[in-house]
Amino acid sequence: MSGVEGDNESPELKSSVSPYEDALDALSSLITKKTRADRSNKGDGFDVLFDYLKMLELDVAISQMKVIHVAGTKGKGSTCTFTESILRNYGFHTGLFTSPHLIDVRERFRLDGSELQTEPYKTASLVFSVSTLGSNRVDICEEKFLAYFWWCYNRLKEKTNEDIPMPTYFRFLALLAFKIFSAEQVDVAILEVGLGGKFDATNVVQAPIVCGISSLGYDHMEILGYTLGEIAGEKAGIFKHGVPAFTAPQLDEAMFVLEKKASQLDVPLQVATPLDINLLNGLQLGLDGEHQFLNAGLAIALCHTWLKRTGHLEGTYLDQISSLPDQFIKGLTTASLQGRAQIIPDRYINMENLGDLVFYLDGAHSPESMEMCGRWFSLAIKKDIQQQNSWKDQSQDNSGPSNGLISKYHNEASRRSSTQILLFNCMSVRDPQLLLPRLMNTCANHGIHFQKALFVPNISVYNKVGSHALPTTDPQVDLSWQLTLQRVWEDLIHGHKGGDDKNNDSICEEGKEYTEKNARSCESSLVFPSLPLAIKWLRDNVQQNRSVRVQVLVTGSLHLVGDVLRLVKM
C-alpha cells in the first residue's frame with residue numbers, strides 16, 4: 001500500500017479477537033486519564049507533537065498539506081462537513097478529520113466524503129460490520145486503516161521513551177490522520193479542532209491555507225476558561241501569521257479578543273455572512289436546523305478563500321448576494337453528518353407499526369446548542385403533526401388510489417396521539433442547571449412538553465475504545481450523576497407546572513412492573529442503569545400502546561447519540 005511500510009499486524013495478535021479489535025485495544029492503551037482537564041501526563045507538553053511528526057517522518061508532508069483549519073464551540077463539525085462537501089463537488093480529493101466518532105473510530109478519517117454506514121452481521125463470538133457506501137465514495141476500509149494504524153503505532157512504540165512517551169489518545173488519532181492524508185495524497189485536508197485550539201493536536205499545522213472560527217459559547221470551561229474572552233483566546237490560537245481567517249458572527253466580548261489576536265498576527269479576519277436560503281434555488285441544506293445557515297456561510301467563505309489562494313478561482317469574485325456556483329449549492333444541499341439533527345425510526349418495530357417509535361438525535365451539549373436543539377426538535381414535531389393531519393385529509397378522500405401497506409400506515413398514523421420523551425446524559429463537568437432549563441424552556445415556548453425524561457449512563461467509556469459489539473451491563477454501575485440529573489429535572493418540572501399532563505403518564509402504566517424492577521421512577525422521570533434497558537422500556541411501551549406515537553429526543557452527549565445509533569441500527 002502506498003505510504004505504508006512494515007508489518008501491519010500487532011506483534012501480540014490474539015487468536016480470540018479480530019485484527020481490528022486488537023488495534024482498538026492498542027488504541028485504548030493510549031487513554032491515560034479519564035478527564036481531559038487532567039494535566040498530569042508527561043505527554044501533554046505541546047512541543048512534543050513536533051517530535052512525533054519527526055518520528056513518523058511527517059514534518060515535511062504536513063508543511064505541504066493544503067489545510068483548512070476550523071475551531072469553535074458550536075458548529076465546527078457542521079462547518080467542516082459543508083466545506084468538505086463543497087470542495088469534493090469541485091472534484092478535489094478531500095480528507096476530513098473530525099471528532100468524536102459515534103459508532104466506529106474510522107468515522108474520524110474521511111476520504112472523499114466517506115461516512116461509515118454499517119450493516120452489522122454476527123459471527124459466533126463477534127459482531128463485525130460491512131460498509132455500504134455510494135460508488136463515488138471511498139471508505140477507510142479495515143485493511144487500509146489497520147495498515148496505517150500499525151505503521152504509526154509500531155514506529156512510535158519503537159522511538160518513544162521515558163522523556164517522550166507515547167502520544168495520548170486524541171494526539172495519536174490526529175497523527176494518524178496526517179499519515180492517512182499524506183499517504184493518500186489528498187488535495188485538501190479539512191481539520192476540525194478537538195478541544196480549544198492553541199494546544200490542540202491539530203495545531204501542529206503551521207501554514208494552513210485558511211482558518212475558521214465557528215460560533216463561540218461556554219463549554220469545556222474547566223480547561224479553556226470561564227469567560228467568553230478567555231475561551232475566544234484559546235480558539236484564536238489556531239491563527240497563523242498572515243493567514244486569512246473567518247469567523248461566524250460572535251458576541252462582542254468574543255469578537256474583541258478574536259480581532260485583537262488577529263491584529264497581533266497580521267491576520268485578515270472577516271465575519272462570514274450567514275447563508276441566504278434563497279441562494280439554494282429552492283433546495284434545502286443537507287444539515288437541518290436554523291443555526292446551520294451560520295455554519296454554511298462560514299463554509300462558503302472558507303471554500304472561496306481556499307480556491308482562490310490555491311489558484312483554482314483565477315480571480316473570480318464569489319457573489320453571495322445574488323448567486324452561488326453550482327458546486328457550492330450541491331455541496332451544501334448534499335452534506336450529511338450523523339448525530340446532528342438526525343431523525344431515525346426504530347428498526348425494531350415491525351413494518352405495520354413503522355414510525356411508532358422515532359428517535360430525534362442531536363449531540364448538543366452546551367447551553368446555546370441546547371436552545372438550538374430544542375428549537376429544531378419542536379419544529380420537527382410540529383412538521384410531523386402537519387403531515388399526520390395531511391394524511392388524515394387524504395384518507396377521507398376516497399377518489400385517489402390506495403397503496404396497500406403505505407395507505408394503511410398513513411391511516412393508522414393519523415389516528416395516533418404523539419408523546420415526547422427526553423433521553424439524556426451529559427458529562428459531569430457540564431452544569432445541568434444551565435443545559436436542561438434552556439432545553440425545556442425552548443420546547444415549552446413552542447408548545448412541546450416532555451411526558452417523561454429518561455436518564456442513563458453512556459455505554460461509551462473513556463478507558464476503552466468501543467467496537468461494534470455491545471458490552472454487557474455493569475451491575476455495579478455508578479448512577480449518582482444520573483440521579484443528580486433526575487433531581488434537576490424534577491425540580492424544573494415542579495417549578496414549571498403548566499406542562500402537558502393530558503396523557504397522564506399513560507405510556508408508563510402498562511410498563512409499571514417492568515419499570516419498578518429496573519429503574520428509579522419519579523413523577524416525571526426515570527433513571528435506568530443502562531441504555532439498553534431504557535431502549536427496551538421504550539419498545540415495550542410502544543408495543544403495548546399502539547395508539548401512541550413516541551418521539552424521543554436524544555441529546556446532551558455525542559457519546560450517548562452514538563450509543564443510541566449503534567443500538568437502534570442493530
Side-chain angles (χ1 to χ4, degrees), residues 61-62 64-70 75-98 109-115 133-140 177-178 180-192 202 205 207-212 214 243-246 248 270 272-287 292-337:
I62 203 172
Q64 297 172 345
M65 225 171 259
K66 294 180 173 60
V67 169
I68 296 175
H69 200 189
V70 182
K76 60 183 185 291
S78 298
T79 297
C80 288
T81 299
F82 281 132
T83 300
E84 185 281 328
S85 186
I86 290 169
L87 294 178
R88 172 161 40 89
N89 276 281
Y90 264 95
F92 294 107
H93 181 26
T94 62
L96 173 62
F97 177 61
T98 60
F109 318 96
R110 302 185 189 181
L111 295 174
D112 297 325
S114 67
E115 290 182 20
L133 298 168
S135 58
N136 64 331
R137 294 183 172 187
V138 182
D139 188 20
I140 302 288
F178 293 135
I180 292 171
F181 296 160
S182 171
E184 296 291 326
Q185 299 180 327
V186 298
D187 298 317
V188 54
I190 300 108
L191 306 178
E192 177 192 356
T202 60
V205 174
I209 301 299
V210 61
C211 296
S214 65
V243 174
F246 292 87
Q270 298 181 58
T273 304
L275 173 67
D276 180 350
I277 192 173
N278 295 316
L279 299 180
L280 297 179
N281 297 339
L283 300 175
Q284 298 295 316
L285 278 177
L287 306 183
Q292 294 296 356
F293 291 97
L294 293 174
N295 302 325
L298 180 56
I300 289 169
L302 294 173
C303 289
H304 175 253
T305 302
W306 188 90
L307 289 166
K308 191 172 181 180
R309 294 197 78 209
T310 54
H312 293 98
L313 276 189
E314 299 179 353
T316 302
Y317 176 69
L318 181 66
D319 180 12
Q320 205 196 138
I321 297 176
S322 60
S323 65
L324 280 175
D326 290 342
Q327 297 93 330
F328 277 73
I329 294 174
K330 187 174 181 183
L332 292 169
T333 56
T334 61
S336 62
L337 184 61

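Hydrogens, waters and symmetry mates are skipped; everything else that's a heavy atom, side chains included, is used.
No side-chain heavy atom of L298 sits under 4.5 Å from any side-chain heavy atom of F82. Proximity of I300 to L332: side-chain heavy atoms (C-beta onward) are separated by under 4.5 Å at one or more points. Between L111 and V186 the shortest side-chain heavy-atom distance falls below 4.5 Å. Within the 4.5 Å cutoff, no side-chain heavy atoms of I180 are placed close to those of F97. The shortest side-chain heavy-atom distance between T310 and V188 does not fall under the 4.5 Å cut-off. Using a 4.5 Å heavy-atom cutoff, the side chains of H312 and Y90 are not in contact.
Considering every non-hydrogen atom in both L275 and A296, the closest pair reads CD2-CB, 3.9 Å. Between A272 and G297, the shortest heavy-atom distance links the atoms CB-O, 3.8 Å. Considering all non-hydrogen atoms of both residues, L279 and S323 come closest at CD2-N, 3.6 Å. When all heavy atoms are compared, the tightest approach of H93 to Q185 is CD2-O, 3.4 Å. Residues A61 and S182 share a closest heavy-atom pair of CB-OG, 3.3 Å. Residues A189 and M65 come closest through the heavy atom pair CB-SD, 3.9 Å.
Between atom OG1 of residue T83 and atom CD1 of residue I68 there is a gap of 5.5 Å, rounded to the nearest 0.5 Å. Note that CG of L287 and CD of Q292 are 4.5 Å apart. Values are rounded to the nearest 0.5 Å. Taking CZ of F109 as the start and CG of L96 as the end, the distance is 11.0 Å to the nearest 0.5 Å. To the nearest 0.5 Å, atoms CD1 (I86) and CG (L324) are separated by 8.0 Å. Within the model, atoms NZ of K66 and CZ of R309 stand 11.5 Å from one another, a figure rounded to the nearest 0.5 Å. Rounded to the nearest 0.5 angstrom, L280 CG and F293 CZ are separated by 6.5 Å.
Among residues two or more places apart in sequence or in another chain, the side chain to side chain donor-acceptor pair (under 3.5 Å) test is passed with T94 by E84.
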- Task: Report the C-alpha separation of N295 and L285 in whole Å, then their side-chain angles, then the decisive distance to 0.1 Å, and conclude whether the side-chain contact (heavy atoms from CB on, under 4.5 Å) test is met.
- Result: CA-CA 11 Å; N295 302 325; L285 278 177; over 6 Å; no

- Task: Would you sort out whether L307 and L87 count as a side-chain contact (heavy atoms from CB on, under 4.5 Å), showing the intermediate values?
- Result: CA-CA 9 Å; L307 289 166; L87 294 178; 4.0 Å; yes

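At least one donor-acceptor pair under 3.5 Å links the side chain of T305 to the backbone N or O of A301.
With respect to H69, the side-chain contact (heavy atoms from CB on, under 4.5 Å) criterion is satisfied by exactly one of I209, I190, V243, L191: L191.
The aromatic ring centroids of W306 and F92 lie less than 6.0 Å from each other.
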